Protein chains: 2
Amino acid sequence: MTASSSGPATPGNRAGGGGPRPHRPTLQEVADRAGVSLKTASRALNREPHVAEATGERVRRAADELGFRLNALARELRSGATSTTAGLVIGDVGNPYYSRIARGVEREMDARGLQLITSSTDDDPERERVAVAGLLERRVAALLVVPSSEDHRYLESERAHGLPVVFLDRPAGHIDADTFVLDDRAGARAAVEHLLKAGHERIGLVGDFSRLSTHRARVAGHADAMQAAGVQGWETYVRADCHDLDAAAQGARDLLALPEPPTALFTTNNRCTTGALRAVAGLPARPEIVGFDDFDLADVLGVTVVAHDPEEMGRLAARAALARLDGDDSPPRTVVLPTRLVVRTAPGTEPPPVRDRPADLRSSGPRSLAVARPREATLLDAEVR
Amino acid sequence: MTASSSGPATPGNRAGGGGPRPHRPTLQEVADRAGVSLKTASRALNREPHVAEATGERVRRAADELGFRLNALARELRSGATSTTAGLVIGDVGNPYYSRIARGVEREMDARGLQLITSSTDDDPERERVAVAGLLERRVAALLVVPSSEDHRYLESERAHGLPVVFLDRPAGHIDADTFVLDDRAGARAAVEHLLKAGHERIGLVGDFSRLSTHRARVAGHADAMQAAGVQGWETYVRADCHDLDAAAQGARDLLALPEPPTALFTTNNRCTTGALRAVAGLPARPEIVGFDDFDLADVLGVTVVAHDPEEMGRLAARAALARLDGDDSPPRTVVLPTRLVVRTAPGTEPPPVRDRPADLRSSGPRSLAVARPREATLLDAEVR
DNA sequence: CTGAAAGCGCTAACAC
DNA sequence: GTGTTAGCGCTTTCAG
């Protein structure tokens with residue numbers, strides 16, 4: 001897409017030229033104009049007590065006339081070690097999953113008067129490092145991170161210096177800090193058990209980067225279900241490293257092109273689900289799809305999903321960080337948030353017949369509203385394949 | 001959703017208690033430890049020239065040992081009027097439309113070394129005011145705003161003080177500043193003409209808050225098409241103020257419950273489209289839907305949309321802001337980005353027969369890749385209903 | 001190549 | 001209720 005514009009662009013002289021950049025008024029100038037001391041002006045503008053009504057009014061008028069704004073940089077430098085910002089490092093704000101996390105975090109921080117600086121890393125460990133460094137220099141009051149890297153020892157000293165550090169979505173490496181994750185393994189297991197109960201045996205898996213712990217945990221859950229059902233050779237049907245829609249669609253197509261193609265797919269996140277749905281759209285024999293992550297049109301499309309609430313995860317993580325700021329010095333905890341299998345039927349599609357399965361499988365139906373058990377970072381252990 | 005956690009929360013003493021908050025090392029301490037002056041330490045850590053290799057190395061080692069981080073607040077306070085942050089004010093990061101804008105802005109700012117502070121306003125003018133004030137105090141290097149309020153004169157003095165201010169998605173009020181908007185009116189007109197050409201006459205409209213200029217412009221485009229086709233009484237089929245999915249679904253249901261229900265719907269943004277799709281899912285006679293904004297599963301669902309690229313809009317706006325920072329002092333411009341009608345057919349659905357329409361209508365088909373014409377904020381004039 | 005002094009804009013701590 | 005003094009942590013300026 002291109003666009004026309006109604007004015008020619010001037011090359012521009014580097015380093016903040018651009019016409020006369022007028023002077024920004026300082027507090028001292030406001031004070032002078034109002035005929036008071038610097039400190040009185042400060043008090044008036046910060047609406048501190050012990051300022052006469054008339055004086056305060058005069059100062060505020062002077063400030064308005066000058067177009068004055070308090071300088072938060074100076075205020076925060078002077079009055080403490082941390083700024084009134086919080087930092088959030090995620091994979092990609094453009095991805096609905098992360099953007100809902102961001103929304104939840106933002107709401108809580110906003111309620112506390114903190115503005116949120118968000119950085120997307122595209123799940124690149126190096127970019128995570130750079131983003132975090134920037135936030136630390138900026139003296140954020142709290143730091144929330146969806147880890148891409150494997151080792152977060154570099155944040156240990158920050159924690160020791162009193163910075164609240166909270167991890168989301170994936171456990172951090174080699175650091176003992178507050179962490180909020182989903183019950184990836186149980187959620188995935190429930191999804192695959194659902195497909196097994198519906199009579200499927202050749203169940204394909206389309207997943208994200210294999211280096212991501214969430215991916216590994218979800219594959220582990222898939223394996224749990226398959227092994228419990230006594231299904232062999234499921235590893236053939238696993239396609240990982242599908243990080244975008246096209247890769248996911250291709251992964252799904254590859255699976256369906258196998259000599260004995262899968263009759264169902266488990267897609268391990270929202271992008272994989274969308275990609276797979278594209279791949280199977282219009283196919284005569286559309287395989288059944290169960291996806292991890294709920295999405296807006298899943299009900300319309302009748303797609304069964306492993307649902308959870310990313311915004312809530314963001315809120316909880318933010319609240320934990322704020323509690324630390326308020327002096328909570330209890331030991332770091334890992335909170336495992338439950339998932340919920342939401343079974344849906346494609347419109348105009350008869351649900352496939354449910355074949356009888358062994359009892360051990362039948363007993364473990366959808367984990368509706370399962371209560372999370374605390375688990376200490378065991379998700380990292382999910383080593384499968 | 002609830003979750004259990006593995007540790008009790010302590011109420012916490014206000015104001016940054018939380019165990020012994022150790023001292024954060026300063027540059028002076030690093031310098032002392034390395035046995036150099038403060039200024040030499042500064043030069044070494046900022047990798048400025050004129051520092052002996054050995055000296056630099058010694059300083060950086062001392063910094064590492066102390067866990068030192070430069071303080072961006074202090075640096076930026078000392079070295080200029082603006083920080084290395086940029087501000088973005090949008091409706092809701094959790095909404096894919098805005099989050100893609102945010103992504104585009106973030107990419108450009110990141111390339112320039114600016115971190116992005118994002119605030120969601122829920123399209124509330126008062127919250128816009130508060131968010132902007134916070135960003136200004138923080139001395140953001142540039143400010144990008146999706147306007148919720150009607151009057152942005154309060155930003156004129158900031159612009160005069162040299163702050164690049166750019167508006168996105170909707171024109172600002174009473175201020176002459178760079179603006180990037182969509183060709184809402186033409187896009188809407190193309191959408192409705194498409195439906196008219198397909199033989200529909202009773203075309204419902206489900207839209208957002210009527211106070212939003214984008215809504216008004218899209219209704220105007222709807223009106224353009226209806227009037228050109230000589231269709232009367234279309235106003236009966238307009239439902240506005242559907243700001244969330246439920247409201248949109250309800251709006252669609254209301255329309256379909258009319259004595260003479262519409263046979264097609266034009267939904268004026270992604271939320272309205274999703275809501276309407278929910279409302280019509282499973283209906284025996286599903287009305288045809290054309291939506292403003294493309295979305296991930298539109299192809300799978302076979303929904304015709306008015307497509308455009310929010311991320312690109314974000315990038316362009318960010319680039320314009322950065323150009324101003326680099327001294328571009330050309331007159332403010334308004335860039336109208338084109339939309340593109342993407343026609344899709346629902347899977348398993350025969351496209352409805354195309355009735356013959358008057359020639360004036362046939363001549364104005366889908367505006368595929370229409371080139372935008374510059375327009376000076378005329379979108380605000382879209383007064384319909 | 002290195003250092004000493006000054007001060008960015010504001011608030012803390014104490015006067016008065 | 002108001003003013004004075006000092007200084008947050010760093011970079012700038014100017015000397016060596």
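This is a predicted model, so every value here is computed, not measured. By convention in this document, chain letters (A, B, ...) are assigned in the order of the sequence lines, proteins followed by strands, and residues within each chain are numbered from 1.
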Next on the checklist: Any base atoms under 4.0 Å from B:Leu73, or only sugar-phosphate, or nothing? Heavy atoms, all strands.
Outcome noted: nothing
Item to check | Separation of atom CZ in A:Arg138 from atom C1' in D:dC8, rounded to whole Å | outcome: 18 Å
Next on the checklist: Does a side-chain N or O of A:Thr40 approach OP1 or OP2 of D:dG3 to a distance below 4.0 Å, or not?
Outcome noted: yes
Next on the checklist: Check this one for me: any side-chain N or O of B:Asn46 less than 4.0 Å away from OP1 or OP2 of D:dT11?
Outcome noted: yes
Next on the checklist: Hydrogens and angles aside, do B:Glu128 and B:His152 bring a side-chain donor and acceptor to less than 3.5 Å of each other?
Outcome noted: yes
Item to check | A:Thr55 side-chain proximity, nearest of D:dT2, C:dT2, C:dG3 | outcome: D:dT2
Next on the checklist: At less than 4.0 Å, is any side-chain N or O atom of B:Ser42 found next to OP1 or OP2 of D:dC10? Yes or no.
Outcome noted: no
Next on the checklist: A:Ile101 vs A:Phe180, test: side-chain contact (heavy atoms from CB on, under 4.5 Å). Steps then yes/no.
Outcome noted: CA-CA 11 Å; A:Ile101 290 179; A:Phe180 291 78; over 6 Å; no
Checklist entry - Pick the nucleotide of DNA chain C nearest each of B:Arg139 and B:Val36; which residue has the one closer to the 5' end? => result B:Val36
Next on the checklist: Quick check on D:dG9: is either OP1 or OP2 less than 4.0 Å from any side-chain nitrogen or oxygen of B:Thr26?
Outcome noted: no
Checklist entry - Over how many whole Å does the gap from A:Leu77 atom CG to C:dT11 atom C1' extend? => result 10 Å
Checklist entry - Touch check for B:Arg69, heavy atoms < 4.0 angstrom, all strands: base, sugar-phosphate only, or nothing? => result sugar-phosphate
Checklist entry - Between the side-chain atoms of A:Arg43 and the base atoms of D:dG3, is any donor-acceptor pair under 3.5 Å? => result yes
Checklist entry - Checking only heavy atoms, does the side chain of A:Arg78 share a donor-acceptor pair with the base of D:dG7 at less than 3.5 Å? => result yes
Checklist entry - From D:dG9, D:dT11, C:dC10, pick the nucleotide closest to the side chain of B:Ala74? => result D:dG9
Checklist entry - Applying the side chain to side chain contact (heavy atoms under 4.5 Å, CB included) test to A:Val89, which of A:Leu144, A:Val146, A:Val132, A:Thr118 qualifies? => result A:Val132
Checklist entry - Does a donor on one side chain and an acceptor on the other come within less than 3.5 Å for B:Thr84 and A:Arg138? => result yes
